[in-house]
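Just below is one structure, and these are the notes that go with it.
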Amino acid sequence: MIFRRRYGCLRRQTGVVLFLSCLYAVSISGDAQAAEWYAAQRTPELVAVLLCTIIVLVSIIVARRKRFYIRPLPGLQAIDDALGRATEMGSPVMYISGWGGDLARPTTMASLAILAHIARRAAAFGTPILFPSHDPVVASAAQDTIQHGYAAVGRPGLFRSDDVGFVTQSQLGYAAAVDGIMTRRKPGAVFLLGSFEGEALILAETAHNVGAVQISGTDSTIQLSFFLVACDYTLIGEELFAASGYLSGDPLILGAVRGQDLLKIIIVIVLVIGLVLHLCGISIIIEWLG
Amino acid sequence: MLRKIPIAVCAVCGVFMAAQYFIISGPVSDLYGAVLDWMQIIFVCALLAGILQVVMSQLKNIARPGSGRVYSSIALAGIAVMVVLGFGWGISRGSPFLWMFDQVQAPMQTTVFSLLAFFVASAAYRGFRARHAESVVLVLAALIILLGRVPLGEMISPLVPQTVGWILDVPAMAAKRAILIGIGLGMTATAIKVIAGMERTYLGGR
């Protein structure tokens with residue numbers, strides 16, 4: 001009861017603070033004194049950030065009481081099948097977070113969250129994971145994630161530091177190195193989840209050539225089109241970010257996914273209103289967002 | 001404590017990095033510059049650790065019997081030669097380091113990049129097999145765009161390049177923007193989860 005009371009209080013406080021912040025940001029946007037330190041031209045972005053924060057946080061809070069449904073994603077449902085196939089073949093699995101992102105990028109964070117799940121499942125199957133990285137910081141975080149995943153299912157001895165680590169920062173050098181590892185080790189499943197650039201198709205096609213099941217997802221719309229034709233399963237757009245909630249079943253993370261959906265509905269409504277107003281000769285929304 | 005301190009540091013830094021975007025003041029800009037400098041310092045330390053790991057891994061491969069020995073020896077020799085050339089003669093124009101880069105690394109990178117042409121063809125072959133309705137749409141759109149991008153399309157009919165423009169500007173752009181909106185929202189939600197301490201995979205899943 002006490003928790004609920006405190007919790008309700010926190011929820012109200014968060015909402016009120018963020019709402020007032022929104023109002024304050026809008027109000028000072030035209031104030032000359034505030035303009036000395038506040039980037040007034042960024043007010044629409046500030047309002048958008050605060051709105052997103054409010055909705056995601058409220059959705060997370062609501063998710064503690066109510067369990068949300070998340071539609072099945074074929075790419076994520078196929079993870080266990082891919083791991084099982086690699087285990088039956090006696091092959092390792094390979095996880096690639098792409099050349100395009102460092103640890104500061106949310107896509108890499110989302111990718112590491114999926115890696116944590118795959119590491120636990122692979123350890124349960126007794127299948128080693130190969131994780132070549134272009135970024136030493138990502139490699140270090142991935143080492144910790146995989147090691148922890150192996151330890152979580154009681155198989156810490158399965159971890160080999162040589163399988164997870166930094167390769168090179170050169171984009172095509174990285175592609176060549178990963179291709180070489182794939183060709184030599186012949187993984188049964190290859191996960192291409194993260195920020196990819198020009199190396200995406202080289203990696204996806206090599207994975208196909210060695211007979212691996214490919215599960216992919218990226219935040220790059222250009223590379224997404226390559227993955228769609230080259231890979232067995234592809235996570236499109238926000239599915240990559242929803243994956244950690246889907247796989248972990250964590251109600252808080254599912255709440256964030258719910259928040260994303262609500263934001264999408266709001267964006268569609270704003271777009272429709274903006275369109276109708278524009279057709280009526282009123283361009284206030286377009287000008288404000290522009 | 002091992003978990004709480006990094007989460008607190010992450011939350012403070014996350015809020016600061018978001019706030020500094022909207023604040024134009026000297027001290028905040030200076031602090032932002034300092035944060036970026038520290039990021040570089042941390043990155044260089046991690047890079048050194050990464051290079052050390054690569055060297056150790058290659059040494060282990062050399063110690064192990066098998067065909068991998070040759071590749072690992074070449075990799076180690078390459079690292080050693082570039083380090084010696086870089087520190088010995090610098091990396092300026094006309095230096096042996098740059099010569100090695102231009103004459104050895106650049107052609108090798110070009111070779112790997114050229115593989116894309118073959119991979120595009122093989123991926124297109126698999127992707128464009130008309131197995132279901134979506135594939136048929138994909139094949140038709142691809143054919144129209146290919147035709148519209150070469151002089152033959154214009155010769156067949158002026159409508160072909162116009163159709164290409166419409167496909168790229170209307171249905172393809174609409175889909176691309178929808179995906180981008182989803183990705184943007186996903187990134188925002190992930191950032192909020194990280195700042196709020198709900199997403200802790202960067203701590204090794206602790």
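Hydrogens, waters and symmetry mates play no part in the numbers below; they use all other heavy atoms, side chains included. Residue numbers begin at 1 in each chain, while the letters A, B, ... track the order of the sequences.
Heavy-atom distances place no part of Ala139(A) under 4.5 Å from chain B, backbone and side chain included. Using a 4.5 Å cut-off between heavy atoms, Leu228(A) makes no contact with chain B at all. Contact annotation for Val56(A): only side-chain heavy atoms (C-beta onward) come within less than 4.5 Å of a heavy atom of chain B. Contact of Glu239(A) with chain B is not made at all, since no heavy-atom distance falls under 4.5 Å. For a residue to count as touching a neighbouring chain, one of its non-hydrogen atoms must lie under 4.5 Å from one of that chain's; by this rule Ser140(A) does not touch chain B. Heavy atoms closer than 4.5 Å to chain A are found in both the backbone and the side chain of Val120(B). Leu263(A) touches chain B through backbone and side chain together, each having a heavy atom under 4.5 Å away. Residue Asp250(A) does not touch chain B at all, counting heavy-atom pairs closer than 4.5 Å. Of the atoms belonging to Leu112(A), heavy atoms from both backbone and side chain fall under 4.5 Å from chain B. Interface remark: Val268(A) contributes no atoms to any contact with chain B (heavy atom separation under 4.5 Å). In this structure, no portion of Arg258(A) lies under 4.5 Å from any heavy atom of chain B. Both the backbone and the side chain of Leu47(B) come within less than 4.5 Å of a heavy atom in chain A. Glu199(A) does not touch chain B: none of its heavy atoms, backbone or side chain, sits under 4.5 Å away. Contact of Asp135(A) with chain B is made through the side chain alone, with heavy-atom distances under 4.5 Å. Residue contact with chain A, scored on non-hydrogen atoms closer than 4.5 Å, involves the side chain of Ile192(B) exclusively.
For Met173(B), the CE atom sits in a packed shell: over 12 heavy atoms of surrounding residues, nucleotides or ligands are nearer than 6.0 Å. Other residues, nucleotides and ligands contribute over 12 non-hydrogen atoms within 6.0 Å of the CZ atom of Phe16(B). Annotation: Arg177(B), atom CZ; neighbour count of heavy atoms from other residues, nucleotides and ligands within 6.0 Å does not exceed 12. Annotation for Ile222(A): atom CD1 does not count as buried by contact number, only 12 or fewer foreign heavy atoms lying within 6.0 Å. Shown here is Arg149(B), whose CZ atom has no more than 12 heavy atoms of other residues, nucleotides or ligands within 6.0 Å. Enclosure of atom CD1 in Ile266(A) by more than 12 non-hydrogen atoms of other residues, nucleotides or ligands within 6.0 angstrom is indicated. Other residues, nucleotides and ligands contribute at most 12 non-hydrogen atoms within 6.0 Å of the CE atom of Met39(B). The local environment of CZ in Phe113(B) is sparse, with at most 12 non-hydrogen atoms from other residues, nucleotides or ligands closer than 6.0 Å.
Taking CZ of Arg184(A) as the start and OH of Tyr71(B) as the end, the distance is 7.5 Å to the nearest 0.5 Å. The line from OG1 of Thr190(B) to CD of Gln260(A) is 6.5 Å long, rounded to the nearest 0.5 Å. Between the OG atom in Ser114(B) and the CG atom in Leu172(A) there is a gap of 9.5 Å [rounded to 0.5 Å]. The distance from the CZ atom of Phe119(B) to the CG atom of Leu203(A) is 9.0 Å, given to the nearest 0.5 Å.
Residue Glu199(B) comes nearest to Ala113(A) through the heavy atom pair OE2-CB, 3.4 Å, listed as atom of the first residue, atom of the second, then distance. The heavy-atom pair separating Tyr38(A) from Phe22(B) by the smallest distance is CD1-O, 3.4 Å. The two residues Ala39(A) and Ile24(B) come nearest to each other via the heavy atoms N-CG1, 3.9 Å. When all heavy atoms are compared, the tightest approach of Ala123(B) to Ala230(A) is CB-CB, 4.2 Å. Between Val112(B) and Ile202(A), the closest heavy-atom pair is O-CD1, 3.7 Å. Of all the heavy atoms in Ile183(B) and Thr218(A), the pair that sits closest is CD1-O, 4.3 Å.
Screening residues 41-66 of chain B for side chain to side chain donor-acceptor pair (under 3.5 Å), with sequence neighbours left out, gives Asp162(A)-Lys60(B), Gln58(B)-Ser72(B), Asn61(B)-Arg64(B), Asn61(B)-Ser72(B).
Ranking Thr206(A), Thr107(A), Ile267(A) against chain B, the residue ahead of the rest is Ile267(A), based on heavy-atom pairs under 4.5 Å. The most heavy-atom pairs under 4.5 Å with chain A, out of Gln109(B), Met198(B), Met187(B), come from Met187(B). Highest contact tally toward chain B, considering only Gln147(A), His208(A), Met109(A), is held by His208(A) [criterion: heavy-atom pairs under 4.5 Å]. Note: Ile253(A) leads Ile253(A), Thr108(A), Val257(A) in heavy-atom pairs under 4.5 Å with chain B. Most heavy-atom pairs under 4.5 Å with chain A: of the set Leu138(B), Leu116(B), Thr188(B), Leu180(B), this distinction falls to Leu116(B).
By the ring pair (Phe, Tyr, Trp, His ring centres under 6.0 Å) test, Phe166(A) is found to be paired with no residue, residues two or more places apart in sequence or in another chain being considered.
The closest side-chain heavy-atom distance from Ser244(A) to Lys193(B) is below 4.5 Å. In this structure, Leu46(A) and Tyr21(B) have side chains that are not in contact, with every pair of non-hydrogen atoms separated by 4.5 Å or more. In this structure, Leu185(B) and Lys264(A) have side chains that are in contact, with non-hydrogen atoms separated by less than 4.5 Å. Side-chain contact between Glu205(A) and Leu115(B) is absent, with no heavy-atom pair separated by less than 4.5 Å.
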